[in-house]
Amino acid sequence: MVRTRFAPSPTGHLHIGSARTALFNWLFSRHHGGDFILRIEDTDRVRSTEESTLAIFEALKWLGLDWDEEPFYQSQRTDIYKEYLENLLNQGKVYRCYCDPDELEEKKKLAFARKEKPKYDGKCRELTETYPDKPFVIRFKSPQSGKTEVDDLIKGKIIFENSELDDLILYRRDGTPTYNFVVVVDDVNMKITHIIRGDDHVNNTPRQILLYQALNAPLPEFAHMPLTLGKDKARLSKRHGATSVMAYKEMGYLPQAMINFLVRLGWSYGDQEIFSMDELVEKFSLENVGISAGIFNPDKLLWLNSHYIKEETDESLAGLLIPFLEKKGVKVDDVKFLAKIIKGFKERSKTLDEMADKTLFYFKDEIEYQPKAAKKFLTLEIVDVLTEVINRFEKAEDFSEEGIETIFDKITSEHNITLGQLAQPHRVALTGGTASPGIYEVIANLGKERVIKRLKDAIIFIENYG
RNA sequence: GGUCCCAUCGUCUAGUGGCCUAGGACAUCGGCCUCUCACGCCGAAAACACGGGUUCGACUCCCGUUGGGAUCACCA
């Protein structure tokens, strides 16, 4: 039974890179019909917040990554860690270290200055006496010779010299356990079979393997995925723009687009670009994960988003669009109408936010003309035509797109003008600008009453300013 | 600096020794379509970091150089 886990520390929003790690774990588990466990690594009590925990849940749900069992919280598992520590204590595999942290810090700096690797010197390693009144940390008695091999599912075999590793601290002087210890204990205790995580953990892996061995626990499989970098090839961070998954939701991205983008960053399946979630579960494998780091490419995400917007139904898009419209001051009370007008914007919008902006003219009482557009198309010469259109519209019984087209056809031939010459002034009068969905569609959706009012408003505008 | 990892178009990538005159996608640039803007379609430009080997034959294997990244906490 495959069991993977996603173990974020709740110190902020869900980062794009973390989401990708979660996705790969989730896909691997689901592909193998296994479990996907969520573990909140909140041992850093000052930086961890419940708000962040909730934000992480929300982001995972938005992405469609569901987890099995209740989430685990490391802060509630101190007894378990103690138990495992006892085990090590009894075996004599750990020891108390009374070294002064400031002194250690000094030594480290010195080592760096001498261009040597800063390593704990093992001063307390063979200490036999104990000092009950002195503060201490608990260190792992790491083997000083030999090699530790990591058989990485993505990177292949990586060999470390044990002499490179120092005696890492398992418990701090305040009596709380450290990361490398709790991770191993939890992964053992939760029977995690595959540890899929970021590249930045490879150097932790030999120490963790040594801990597994000390605990006499079976070793899981390791798979280290390449990191996501920013445009300047540095680790993706805020300076590269939004890094929070939910920020993308707020900018009008669809979760399918995010998933599809994230998975293709490092994973491929021949030349295929578009994958549904079901397809991913079916096709995902670690063998097809690349080994080199990838750069976050916002343009590709945007393209994927426009693709999924086109795939979405008008009705569901309408539902998704409402919050974006409300943010812009539009109260939507007719969702049917919204779904109807959306048709014209699906192929014109790359995000929901952009779509909301474009639909705005439908909801306005007064149209504000873009100065350039008004100057070019709302001119004195067009007033006669506009007036005639109003007359025809008033008498029109068929106000469907076809009916409107018939009227426009008549006018263009009678006045010997092109459709462009007729449509553009209408577009400006009706929408305020020169770009919109098809003019018949806009007129039909707006309805006779609003169209006539806007055309009349335009004539008044021309007479005053034209 | 030590250790570890990585290296195909600007970017994501296909490529697992001959199928490569290196394929696809995004972005870019042209054209077509057209009531505008888009969409769509067609086309162009664009890469195997470098140097040695191994081999009848290297993008593919090995070594080195260069470049990039990660990590070296009583953070996770």
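In this text the structure is predicted, and so the values were computed from the model without any measurement.
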Could you check, using the six-membered ring where one of them is a Trp, whether [X] and [Y] have ring centers closer than 6.0 angstrom?
X	Y	result
A:Phe399	A:Phe393	yes
A:His194	A:Phe28	yes
A:Phe284	A:Trp267	yes

When you compare [N] with [M], how far apart are their [atom1] atoms, in angstrom units rounded to a whole number?
N	M	atom1	value
B:C74	B:U13	P	35 Å
B:A44	B:G52	C1'	37 Å
B:G43	B:U54	C1'	42 Å
B:U34	B:G24	C1'	29 Å
B:G69	B:C61	C1'	25 Å

Can [X] and [Y] be counted as having a side-chain donor-acceptor contact under 3.5 angstrom?
X	Y	result
A:Ser400	A:Asp398	yes
A:Glu388	A:His415	yes
A:Arg427	A:Gln424	yes

Closest to the [X] side chain: [options]?
X	options	answer
A:Asp271	B:A73, B:U71, B:G24	B:G24
A:Tyr179	B:C4, B:A76, B:C74	B:A76
A:Ile291	B:C35, B:U11, B:A7	B:A7
A:Asp199	B:C5, B:A76, B:U3	B:C5
A:Trp303	B:A27, B:C37, B:C4	B:A27
A:Arg235	B:C26, B:U71, B:U11	B:U71
A:Glu347	B:C74, B:A38, B:A70	B:A38
A:Leu265	B:C12, B:U11, B:U36	B:C12
A:Gln74	B:U11, B:C12, B:A76	B:A76
A:Ile439	B:G24, B:C4, B:C35	B:C35

**Prompt:** Would A:Arg20 count as a cation-pi partner of A:Phe24, with NZ or CZ less than 6.0 Å from the six-membered ring centre and within 45° of the ring normal?
**Reply:**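 Yes, a cation-pi geometry.
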**Item:** Distance under 6.0 Å and angle within 45° of ring axis: A:Arg207 vs A:Phe140
**Value:**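 Ring-cation test returns no.
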**Request:** Return the orientation label for the A:Phe222 and A:His224 ring planes: parallel under 30°, perpendicular over 60°, tilted otherwise.
**Result:**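 Rings of A:Phe222 and A:His224: parallel, as their planes differ by under 30°.
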**Message:** Tell me if the side-chain of A:Arg348 makes a donor-acceptor pair with the base of B:C39, cut-off 3.5 Å, by modelled atom types.
**Reply:**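 Result: no qualifying N/O pair found.
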**Prompt:** If you find the nucleotide of RNA chain B closest to A:Glu273 and the one closest to A:Arg20, which residue's nucleotide is nearer the 5' end?
**Reply:**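 On the 5' side of the pair lies A:Arg20.
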**Prompt:** When you match A:Ser268 and A:Asp44 each to their closest nucleotide on RNA chain B, which lands nearer the 5' end?
**Reply:**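 First, find each residue's nearest nucleotide; the 5'-ward one identifies A:Ser268.
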Tell me what [X] touches on the nucleic acid: a base, only sugar-phosphate, or nothing, going by heavy atoms under 4.0 Å.
X	value
A:Cys99	base
A:Ser436	base
A:Thr43	sugar-phosphate
A:Phe160	sugar-phosphate
A:Gly438	base

**B:A73 phosphate, OP1 or OP2, under 4.0 Å from A:Lys108 side-chain N/O** =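 Result: yes.
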**Asked** Under 4.0 Å between a side-chain N/O of A:Lys233 and OP1 or OP2 of B:C6, yes or no?
**Response**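 Answer is no, no contact under 4.0 Å.
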**Request:** State the pairing partner of B:A22; accept Watson-Crick or G-U wobble contacts with both distances under 3.5 Å, and report none otherwise.
**Result:**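 Base partner found: none.
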**Prompt:** Using purine N1 to pyrimidine N3 plus N6-O4 or O6-N4 for Watson-Crick, or N1-O2 and O6-N3 for G-U wobble, both under 3.5 Å, which nucleotide pairs with B:G1?
**Reply:**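 Base partner found: B:C72.
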**Message:** If you take any heavy atom closer than 4.0 Å to RNA chain B, which residues from residues 415-428 of chain A end up in contact?
**Reply:**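 Heavy-atom contacts with RNA chain B come from A:Leu419, A:Gly420, A:Ala423, A:Gln424, A:Arg427.
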